[in-house]
Enquirer: 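For reference, the structure I am asking about is given below.
For ligands, and for the atoms within them, numbers begin at 1 and follow the listed sequence. If you're wondering where the values come from, they're calculated on a predicted model, not measured in any experiment. What you see below is based on every heavy atom in this structure, not just the backbone, and it leaves out hydrogens, waters and symmetry mates.
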Amino acid sequence: MRYLRKITLAQLPTPLHGMPGFRRALDFGGSIHIKRDDLTGLAAGGNKSRKLEYLTGDAVEKGADTLITAGGLQSNHCLQTAAAARKLGFDCHLVLGGKKPGQINGNLFLDLLAGASVHYTDRAGREKKMRELAEALREEGRHPYVIPVGGSNATGTVGYVMAMDELQRQLGLTGIPCDRIIVASSSGGTLAGMTLGARYCGFEGKITGISIDREKTGKHAFPPELAALGNQTAELLELDIRLTPEDFDLEYGYLGEGYGVVGENERKAIMMLAQTEGIFVGPVYTGRALGAMIDCIRKGKWKDENLLFWHTGDTAALFAYTGEL
Ligand SMILES: *Cc1c(COP(=O)(O)O)cnc(C)c1O
């Protein structure tokens, strides 16, 4: 494996522990553990910290002084990028899809506390706006570094290849069994990195991605995209592994009313985990993914398997949903 420059932003390894109260409440025959990437320790925590360790490493290598990225109004990725930028002495520009809301709360509030420059644009215009910002900054003699939505390019995805190595070590040290990982999936870097990492480090369990916003059918299918991202990452790392779309297991049945819309699935999951374990999943990603896991367990889908829910963050976004919860 090729060495890539990395900047430490996260407190690793993140905790891995059981959820006895949650498991009892579900009356489930197998074990249920949780991997706490909500506790990465950068801003409000979350999976983007791992990607940003490699993305900022690359930015430093390239002599950048400003980070530019994009996401939704309550993007966890944008908040973590803003926090990473400030920690490393970079400026930060965030392109957020949507109109400036009347009330500034949740992650957006924290973006502003961190002093990020926020630009509002429609969702479709985000890429163009990032390019324009980069261009304007270059003309001023600055050195911008553009990070794609969700940090899901090959460099960012390396963070989750390494995360699987971390998990394998933890499983080995603790003897915790794991037949299946369940994780929220959206821009794909997390799932692609984990699937590649599983092959790299010999993890033999399954990995099930819960699609947060991608439809099963449509113009662009998700698994080929995930395989391509995994393969670009393998090439970057000089690994001899190649993935195919069939390597990805995805559940598409939990899209609800769409991205960022909290429904019964999310509401119940958030409260069930809070009330059995004192742990909070978020409204957009982890609440949806945990709700999917609960539903699959109740339908007898993964009977007696040893499950691991990978908590990818999203907690601070809860504060933007107080009216809906
Ligand atoms: C971004 C995000 C995800 C999805 O990760 P991708 O790599 O974009 O698929 C899951 N959970 C949370 C909390 C996120 O912020």
Enquirer: If we only consider heavy atoms of Leu191, is any one of them less than 4.0 Å away from an atom in ligand 1?
Expert: no
Enquirer: Is Thr190 in polar range of ligand 1, meaning some N or O pair under 3.5 Å apart?
Expert: yes
Enquirer: My understanding is that we take every heavy atom of each candidate and find the minimum distance to atom 4 (C) of ligand 1. Doing that for Ile212, Asp38, Asn47, Leu79, which one comes out nearest?
Expert: Asn47
Enquirer: Classify the side-chain pair Arg180/Thr208 by whether it contains a donor and acceptor separated by less than 3.5 Å.
Expert: yes
Enquirer: Does an N or O from Thr312, backbone or side chain, lie closer than 3.5 Å to an N or O of ligand 1?
Expert: yes
Enquirer: Would you compute the distance between atom CG of Asp111 and atom CG of Leu96 and round it to the nearest 0.5 angstrom?
Expert: 6.0 Å
Enquirer: Could you list which atoms of ligand 1 come closer than 4.0 Å to a heavy atom of Gly313?
Expert: 13 (C)
Enquirer: In this structure, are over 12 heavy atoms from other groups packed under 6.0 Å from Glu264 atom CD?
Expert: yes
Enquirer: Looking at SG of Cys78 and CG of Leu73, how far apart are the two atoms once the value is rounded to the nearest 0.5 Å?
Expert: 9.5 Å
Enquirer: Any nitrogen or oxygen of Tyr285 lying under 3.5 Å from a nitrogen or oxygen in ligand 1? Just yes or no.
Expert: no
Enquirer: Can you pull out the closest protein heavy atom to atom 2 (C) of ligand 1? Residue, atom name and distance to 0.1 Å, please.
Expert: Lys48 NZ, 2.4 Å
Enquirer: Would Glu305 and Lys206 pass as an ion pair if we require N to O under 4.0 Å?
Expert: no
Enquirer: Closest by any non-hydrogen atom to atom 9 (O) of ligand 1: pick that one out of Ser186, Ala184, Gly45.
Expert: Ser186
Enquirer: Of the side chain and backbone of Ala289, name the one, both, or neither that has a heavy atom under 4.0 Å from an atom of ligand 1.
Expert: neither
Enquirer: For atom 8 (O) of ligand 1, what's the nearest protein heavy-atom neighbour? Residue, atom name and distance, please.
Expert: Ser187 OG, 2.5 Å
Enquirer: When Val281 is tested against each of Leu318, Ile270, Thr312 for side chain to side chain contact (heavy atoms under 4.5 Å, CB included), which residue passes?
Expert: Ile270
Enquirer: Take Glu132 and Lys128, measure what salt bridge (Lys or Arg N to Asp or Glu O under 4.0 Å) needs, and give me the verdict at the end.
Expert: CA-CA 6 Å; Glu132 287 169 2; Lys128 180 161 170 268; 3.3 Å; yes
Enquirer: Which of parallel (below 30°), tilted (30 to 60°) and perpendicular (above 60°) describes Tyr259 and Tyr285?
Expert: perpendicular
Enquirer: Knowing that exactly one of Thr81, Leu67, Ile147, Thr155 qualifies, which makes a side chain to side chain contact (heavy atoms under 4.5 Å, CB included) with Thr56?
Expert: Leu67
Enquirer: Between ligand 1 and Ser185, can you find any atom pair, the residue atom being a heavy atom, that is separated by under 4.0 Å?
Expert: yes
Enquirer: Between His77, Gln74, His311, Lys51, flag the one that comes closest to atom 7 (O) of ligand 1 by a heavy atom.
Expert: Lys51
Enquirer: Ignoring angles and geometry beyond distance, decide whether Gly188 reaches within less than 3.5 Å of ligand 1 through its nitrogen or oxygen atoms.
Expert: yes
Enquirer: Does Thr286, backbone or side chain, put an N or O under 3.5 Å from an N or O of ligand 1?
Expert: no
Enquirer: Distance under 4.0 Å to a non-hydrogen atom of Asn76: what atoms of ligand 1 satisfy this?
Expert: 13 (C), 14 (C), 15 (O)
Enquirer: Does either side chain, that of Asp295 or that of Tyr254, offer a donor lying less than 3.5 Å from an acceptor on the other one?
Expert: yes
Enquirer: In terms of atom number and element, which parts of ligand 1 are under 4.0 angstrom from non-hydrogen atoms of Ser152?
Expert: 7 (O)
